[in-house]
> 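Got a structure for you, questions after.
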Amino acid sequence: MAKSPNHLLCLSVLIFIITESALAQKCSNYKFSTNRLFESCNDLSVLDSFLHYTYDSSSGNLQIAYRHTKLTSGKWVAWAVNPTSTGMVGAQAIVAYPQSDGSVRAYTSPISSYQTSLQEAELSFNVSELSATYQNNEMVIFATLNLPLANGGIINTVWQDGSLSGNNPLPHPTSGNNVRSVSTLNLVSGASGSTSTGGGGGASKLRKRNIHGILNGVSWGIMMPIGAIIARYLKVSKSADPAWFYLHVFCQSSAYIIGVAGWATGLKLGSESAGIQFTFHRAVGIALFCLATIQVFAMFLRPKPEHKYRVYWNIYHHTVGYTVIILAVVNVFKGLDILSPEKQWRNAYTAIIVVLGIVAALLEAFTWYVVIKRGKAEESAKTGQRVGNDGRSLYV
C-alpha cells in the first residue's frame, strides 16, 4: 500500500505528458472548418504559425493556407515569398488584419525597403482566390499563387506580425522571433529549413547578433566590473602591491580588446541592416568605445604617485571608469531586450551582476574596516612615539 502514492504520481505525470502532446499545436492534425484539404503542411519555427499548401509543379500553382494562432486583437499578419533573396526586402507579401468594423481585410503588398508601410499593390506573380478569416484569435489567409519555379520547387518564405493603428499596419518588432521568421521550403519534398545567407534576419545574421552579444556581454558587462573590483579592493592589501595593478591592467585591457571586437561586429550588423535602427543601443555603444579608448591612452599620461597632478588624474580615471561600467551594464540589458534570447540568458547575466554587486558591497565594508583599523593603529603608534620622545627629553 505504501507504493500506491508513487504509482499514482507516476500515472499522473504520464497522463499529463500524453495530454500535453495531444494538445500541442500541429498542422498535421488540423481540420479547416470549410473542409478545405491540402497535401502538405509545415509547423513554422516561430510566431505560432503554420503553412498548409498544395503545389502543382506542372502549372506552377501553389494553393496555401497560412495560419497564425494566439493572435491578440489589434494585430496584422503577413506571409510572403521572396523570389530574389532570403530576407524582407524583395518579399512578395500577403497581408491580413481584422478591421474596426469586424471585417477582415486581405491584400497583396510587395516589400521594396525596410521602411515599408505595407501599402496595397500587385505582386511580381499572379495571386488569386485571396481571402482571410479571423476567429478565436486565429488568422487564416487563403490564396493561390502562380509560381513557375526552375530551381526544383524551392522558395524563400517570410512571415510576420505587428500592431495596428486603427486600420493601418505599424512596423513589426525588429528583435526576437520577428527576425527569425524566415525559412526555405521545398514545395516538392516538403523539406524546410532556416536560411543560412542573406539579409533581413537569416540565420547568418542571427549568428552574428549572438556573437556580438556574447563578446560585449563578457567584455563590457562582466570583465570591466571585475577589473574595477580588483583595483579598488586588492590594493588595500599591501602584500598585493603591485600584483593588483597588473591584474587590473590585464583584465581591463583584455575586456577592451574583446569589447572592440564586439563593437565592430555591431557596426557591421548595422551596415547590413539598412532601415533597422536601435538608436539608443548604438549611441551608448559608441560612447562606451570612445570613453574606454580615452582610458587606455590616458594610462600613458598617468603621473607618478607623488606628482601634484596625480589626484586630478585619479578623479578623472575613476569617474570615466565607473561611467563606462554603468553604461556597459545598461547596454548589455538593452542588447538582451533587442536580441530576445531565451529567458535563462537574461537571468544568468542578472545573477552575475547581482553576485558582483554583493561581492563589491562586502569588500567595500571590509575595506573601510581595514582602513579605519590601520588608521587607528598608525595614530596609536604616532602617539606612543611622541610620548616616548617626551619621556626621553625629561632625562636628558
> Got S109 and Y107 here, is their nearest side-chain heavy-atom distance under 4.5 Å?
yes
> Could you tell me whether the side chain of T265 reaches within less than 4.5 Å of the side chain of L215, counting heavy atoms only?
yes
> Is it true that the side chains of H212 and N216 contain a donor and an acceptor less than 3.5 Å apart?
yes
> How would you list, by chain and number, every residue that makes a side chain to side chain contact (heavy atoms under 4.5 Å, CB included) with F245, sequence neighbours excluded?
V249, M299, R302
> Can a donor-acceptor pair be found, under 3.5 Å and without considering hydrogens, that links the side chain of Y30 to the backbone of F50?
no
> Checking D48 against R67 for the salt bridge (charged side-chain N to carboxylate O under 4.0 Å, His left out) test, could you report, in this order, the C-alpha distance in whole Å, the side-chain angles of both residues, the deciding distance, and whether it holds?
CA-CA 8 Å; D48 301 306; R67 294 170 45 228; over 6 Å; no
> When you measure from the side chain of N42 to the backbone of L44, do you find a donor-acceptor pair of N or O atoms at a distance under 3.5 Å?
no
> side-chain contact (heavy atoms from CB on, under 4.5 Å), that's the test. Do L185 and L51 meet it? Break it down for me.
CA-CA 10 Å; L185 174 62; L51 180 68; 3.7 Å; yes
> Does I358 sit in a hydrophobic cluster with other residues, and if so which ones, taking ILVMFWY side chains as linked at heavy-atom separations under 4.5 Å, directly or through other members?
V354, L362
> Spell out, as yes or no, whether a donor-acceptor pair under 3.5 Å connects the side chain of N146 to the backbone of V127.
no
> Quick one: does any side-chain atom of R105 pair with a main-chain N or O of Y97 as donor and acceptor, under 3.5 Å?
no
> Can N82 and M88 be said to form a side-chain contact (heavy atoms from CB on, under 4.5 Å), step by step?
CA-CA 8 Å; N82 193 329; M88 174 178 170; over 6 Å; no
> Does the side chain of V329 reach to within under 4.5 Å of the side chain of I353, using non-hydrogen atoms?
yes
> Looking at residues at least two apart in the chain, or sitting in another chain, which of them share a salt bridge (charged side-chain N to carboxylate O under 4.0 Å, His left out) with E364?
R232
> Checking I257 now: which residues fulfil side chain to side chain contact (heavy atoms under 4.5 Å, CB included) with it, not counting sequence neighbours?
none
> When you look at OH of Y312, are more than 12 heavy atoms from neighbouring residues, nucleotides or ligands closer to it than 6.0 Å?
no
> Start with the C-alpha gap between C251 and Y246, add the side-chain angles, then the distance that decides, and say whether side-chain contact (heavy atoms from CB on, under 4.5 Å) holds.
CA-CA 8 Å; C251 191; Y246 295 116; over 6 Å; no
> Are a donor atom and an acceptor atom from the side chains of Q160 and S181 found within less than 3.5 Å of each other?
yes
> Can a donor-acceptor pair be found between the side chains of T144 and E129 at a distance below 3.5 Å?
yes
> Could you work out, with side chain to side chain contact (heavy atoms under 4.5 Å, CB included) as the rule, every residue matching A65, not counting sequence neighbours?
F32, F38, H52, V140, F142
> Could you list the residues that satisfy salt bridge (charged side-chain N to carboxylate O under 4.0 Å, His left out) with D56, not counting sequence neighbours?
none
> Between L62 and L187, is there a side-chain heavy-atom distance shorter than 4.5 Å?
yes
> Taking all atoms of both residues into account, what is the closest heavy-atom pair of L170 and S165, and its distance?
CD2-CB, 3.8 Å
> For the backbone of S103 and the side chain of D101, can you confirm whether one donor and one acceptor N or O come within less than 3.5 Å of each other?
yes
> Could you see if L301 belongs to whatever hydrophobic cluster contains V296? Use Ile, Leu, Val, Met, Phe, Trp, Tyr and a side-chain cutoff under 4.5 Å.
no
> May I ask you to decide if G90's main-chain N or O and Q92's side chain share a donor-acceptor pair within less than 3.5 Å?
yes
> Would you name the heavy atoms of P98 and M139 that are closest together and state the gap between them?
CD-CE, 3.4 Å
> Hey, could you give me the CG/NZ distance between L37 and K31, rounded to the nearest 0.5 Å?
9.5 Å
> Are the side chain of T54 and the backbone of E39 linked by a donor-acceptor contact shorter than 3.5 Å?
yes
> So which heavy atom on A132 is nearest to which on V104, and how close?
CB-CG1, 3.7 Å
> H307: what forms a ring pair (Phe, Tyr, Trp, His ring centres under 6.0 Å) with it, not counting sequence neighbours?
Y309
> Would you say L145 and I64 make side-chain contact, with heavy atoms under 4.5 Å?
yes
> Other than F297, which residues form its hydrophobic cluster under the rule that side-chain heavy atoms must be closer than 4.5 Å?
F300
> Heavy-atom count around R282 CZ within 6.0 Å, excluding the residue itself: above 12?
no
> Membership question, hydrophobic clusters at under 4.5 Å side-chain separation (ILVMFWY): are I258 and F250 in the same one?
no
> Does some side-chain heavy atom of V324 sit less than 4.5 Å from a side-chain heavy atom of L288?
yes
> For D241, enumerate each residue passing the side chain to side chain contact (heavy atoms under 4.5 Å, CB included) test, keeping only those at least two apart in sequence or located in another chain.
W244
> Would you please name every residue forming a ring pair (Phe, Tyr, Trp, His ring centres under 6.0 Å) with Y134, sequence neighbours left out?
none
> Any donor and acceptor pair, going by atom type alone, linking the side chain of Q295 with main-chain N or O of H317 inside 3.5 Å?
yes
> Between the side chains of Q135 and T133, is a donor N or O closer than 3.5 angstrom to an acceptor N or O?
no
> Does V311 share a hydrophobic cluster with V371, counting links as ILVMFWY side-chain heavy atoms below 4.5 Å and allowing steps through other members?
no
> Is a donor from one side chain sitting under 3.5 angstrom from an acceptor on the other, for S40 and Y55?
no
> Search all heavy atoms of H68 against all heavy atoms of D161 and return the closest pair with its distance.
NE2-OD2, 3.0 Å
> Determine whether I352 and I222 make a side-chain contact, defined as any pair of heavy atoms from C-beta on separated by less than 4.5 Å.
yes
> Among residues two or more places apart or on two chains, list those pairs meeting ring-ring contact (aromatic ring centres under 6.0 Å, His included) that have a residue in residues 321-353.
F333-Y349
> So which pairs with a foot in residues 354-377 pass ring-ring contact (aromatic ring centres under 6.0 Å, His included), sequence neighbours left out?
none
> Of the non-hydrogen atoms in L123 and P110, which two are nearest, and what is the gap between them?
CD2-N, 3.6 Å
> Do the side chains of V46 and V77 join up, straight or via other hydrophobic residues, at under 4.5 Å, putting them in one cluster?
yes
> For Y66 and S49, which heavy atoms make the closest approach, and how far apart are they?
OH-OG, 2.9 Å
> Is the shortest side-chain heavy-atom distance between V95 and T108 below 4.5 Å?
no
